[in-house]
Amino acid sequence: MSRRARALSLAFALAAAAPLGCKFGETAIAAGRDQVVVHAVLNPSTLNQNILIEHLLTGRIQSSDSAGSDNDPIRSRGGEPWVGARVVVYGPTGDSVVAVEMSPNGQPGGGTGMYRFVNLDSTPASIPALRVRPGGPYSLRVTTLEGNEVTGATLIPFTAPSSPGGAGQRFNRDRDSVFLFWSSVSYAKRYQVRIDSPRGPYTVFVDSLEYLVSGGLRNPDLDAVPRVFVPGFTQAVAVVAVDTNYFDYYRSANSRFTGSGIVNHLRGGLGVFGSLVGLRFSSLIVDADIDVNKPVEGPWQMDVFAGQATPPFIVPGSVQLYQEGAGAATGSVALSGRYQMQGNSGSSGVLGSMRDGKVKLSFLRSWSASDTVQVLTGTFDGLEIAGTYRGSDVRVSYHKR
């Protein structure tokens with residue numbers, strides 16, 4: 001379940017009722033009426049087409065903003081899956097597919113509220129198949145064991161989908177901009193630009209065929225309005241054409257400034273059954289100018305290692321660091337960068353902080369702040385970073401290369 005889908009459920013819960021047992025003065029507020037919430041976006045570029053079905057958050061459970069599990073996306077984020085439903089998707093030529101409910105181990109079997117079919121002409125193994133074609137009308141029918149019925153329809157934007165590929169482009173946040181452009185697409189209500197960032201994506205809808213992205217761009221949808229581009233990180237940039245359902249759902253769900261309500265095109269339930277087609281995909285290898293007045297910035301190499309470490313213990317051999325902002329002598333400053341393992345050409349992201357000579361570095365599995373694999377806590381004296389890795393007696397020190 002995406003964070004946007006979780007926001008949908010929570011928004012309706014807040015509008016409908018407060019949790020059971022919550023009191024305002026002496027009045028207990030009962031749980032709200034349960035409803036079916038559907039989150040499904042057809043995409044011709046992807047193999048697995050997932051349809052998430054859950055109960056409206058009515059106060060029975062506690063919502064969560066944790067990263068969760070891809071195999072059990074609803075329950076792992078504090079939702080309540082709607083299990084045992086019959087989920088049918090109908091294609092443009094009278095063909096159809098009954099999606100299978102997945103189990104928490106990633107195989108068919110049920111229990112997660114995530115229903116799947118594959119974007120193929122024929123069925124492989126135990127996953128049913130239906131081809132998802134650009135320009136085609138598709139409809140959805142969900143029937144629960146309790147007799148609830150939810151229906152919806154989408155018209156997929158009509159263009160050949162593009163796929164990610166190619167090497168990343170170097171991008172200096174302090175000096176560069178990216179100009180994105182694309183061709184008009186039939187049946188597209190709007191175009192969405194998305195830039196992945198470690199603390200959450202930046203997304204914007206545009207009705208033109210071009211968009212200029214500045215290195216100084218900030219994300220108003222996140223607390224503290226952070227800068228979108230983070231030095232040291234490789235960040236994906238995508239442009240997609242979206243249908244009316246997708247546009248209405250997301251533009252109404254993510255407006256914290258206007259307070260507008262959800263625009264819902266489903267009948268018998270809440271949420272979205274929409275579609276999109278990818279137009280442009282690229283990746284930016286983000287860096288920034290090194291400031292000589294910030295001694296923590298630059299490349300660092302491990303030259304002291306003490307303690308016992310056994311695989312898969314993560315001990316980065318080299319780290320490239322950048323400092324966010326000028327950094328007052330007594331204030332905390334944010335750090336970012338990338339690291340490499342010894343003898344490995346691949347890299348992953350680093351996020352950290354520094355204050356009063358104390359430093360903390362979180363080494364990520366890839367490029368997301370929610371996926372930390374190792375943490376170094378130690379000191380920085382202007383010439384050396386030295387410390388201990390979390391949960392071990394492993395001590396390391398790094399010096400400037």
Side-chain angles (χ1 to χ4, degrees), residues 1-2 5 36-54 69-75 81-145 148-165 185-188 238 240-246 249 265-269 271-279 281:
M1 172 65 67
S2 68
V36 182
V37 178
V38 175
H39 185 91
V41 178
L42 301 183
N43 182 353
S45 298
T46 60
L47 175 64
N48 291 328
Q49 307 289 314
N50 295 323
I51 301 169
L52 304 182
I53 304 177
E54 63 180 313
S69 164
D70 290 340
N71 290 335
D72 194 3
I74 297 174
R75 188 180 289 108
W82 212 306
V83 301
R86 178 178 171 83
V87 179
V88 185
V89 177
Y90 300 90
T93 61
D95 48 348
S96 64
V97 65
V98 179
V100 63
E101 187 178 4
M102 305 301 289
S103 65
N105 63 9
Q107 300 297 320
T112 62
M114 178 169 68
Y115 299 79
R116 175 177 295 172
F117 69 95
V118 292
N119 179 21
L120 294 172
D121 292 313
S122 59
T123 300
S126 56
I127 307 293
L130 175 69
R131 180 63 71 178
V132 177
R133 303 182 188 279
Y138 289 78
S139 60
L140 171 74
R141 183 180 299 275
V142 175
T143 307
T144 72
L145 293 175
N148 308 81
E149 185 171 274
V150 181
T151 60
T154 180
L155 181 60
I156 300 178
F158 188 32
T159 186
S162 298
S163 300
V185 176
S186 299
Y187 309 147
V240 297
V242 305
D243 79 325
T244 297
N245 299 345
Y246 183 103
Y249 167 70
H265 290 285
L266 293 175
R267 293 173 295 278
V272 60
F273 176 61
S275 58
L276 61 80
V277 177
L279 304 180
F281 297 94

Indicate the atoms forming the closest heavy-atom contact of [X] with [Y], along with that distance.
X: Ile127; Y: Pro108; value: CD1-CG, 3.5 Å
X: Val36; Y: Trp82; value: CG2-CZ3, 3.4 Å
X: Ala99; Y: Pro128; value: CA-CG, 4.3 Å
X: Ser162; Y: Leu279; value: OG-O, 2.9 Å
X: Glu101; Y: Gly113; value: OE2-N, 2.9 Å
X: Tyr187; Y: Ile156; value: CD1-O, 3.7 Å

When you measure from the side chain of [X] to the backbone of [Y], do you find a donor-acceptor pair of N or O atoms at a distance under 3.5 Å?
X: Thr112; Y: Met102; result: yes
X: Tyr115; Y: Ala85; result: yes
X: Arg133; Y: Gly91; result: no

Kindly compute the distance separating [atom1] ([X]) from [atom2] ([Y]), expressed to the nearest 0.5 Å.
X: Tyr138; Y: Arg131; atom1: OH; atom2: CZ; answer: 9.0 Å
X: Met114; Y: Asn48; atom1: CE; atom2: CG; answer: 8.0 Å
X: Leu52; Y: Arg116; atom1: CG; atom2: CZ; answer: 10.0 Å
X: Asn119; Y: Ser45; atom1: CG; atom2: OG; answer: 8.5 Å
X: Tyr246; Y: His265; atom1: OH; atom2: NE2; answer: 14.0 Å
X: Leu120; Y: Gln49; atom1: CG; atom2: CD; answer: 9.5 Å

Quick one: are [X] and [Y] in side-chain contact, heavy atoms under 4.5 Å?
X: Asn71; Y: Pro104; value: no
X: Pro161; Y: Val277; value: yes
X: Asp243; Y: Leu155; value: no

Residue from Ile51, Leu42, Val88 passing side-chain contact (heavy atoms from CB on, under 4.5 Å) with Leu140: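 When Ile51, Leu42, Val88 are each tested with Leu140, the side-chain contact (heavy atoms from CB on, under 4.5 Å) holds only for Ile51.
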
Out of Thr244, Thr154, Asn245, Asn43, which residue meets the side-chain hydrogen bond (donor to acceptor under 3.5 Å, both in side chains) rule with Ser275?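 So the option named by the test is Thr154.
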
Worked verdict on Val142 versus Glu149 for side-chain contact (heavy atoms from CB on, under 4.5 Å): CA-CA 6 Å; Val142 175; Glu149 185 171 274; over 6 Å; no

Under 3.5 Å, is there a donor-acceptor pair between the Arg86 and Thr143 side chains?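 Looking only at side-chain atoms, Thr143 and Arg86 do not form any donor-acceptor pair under 3.5 Å.
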
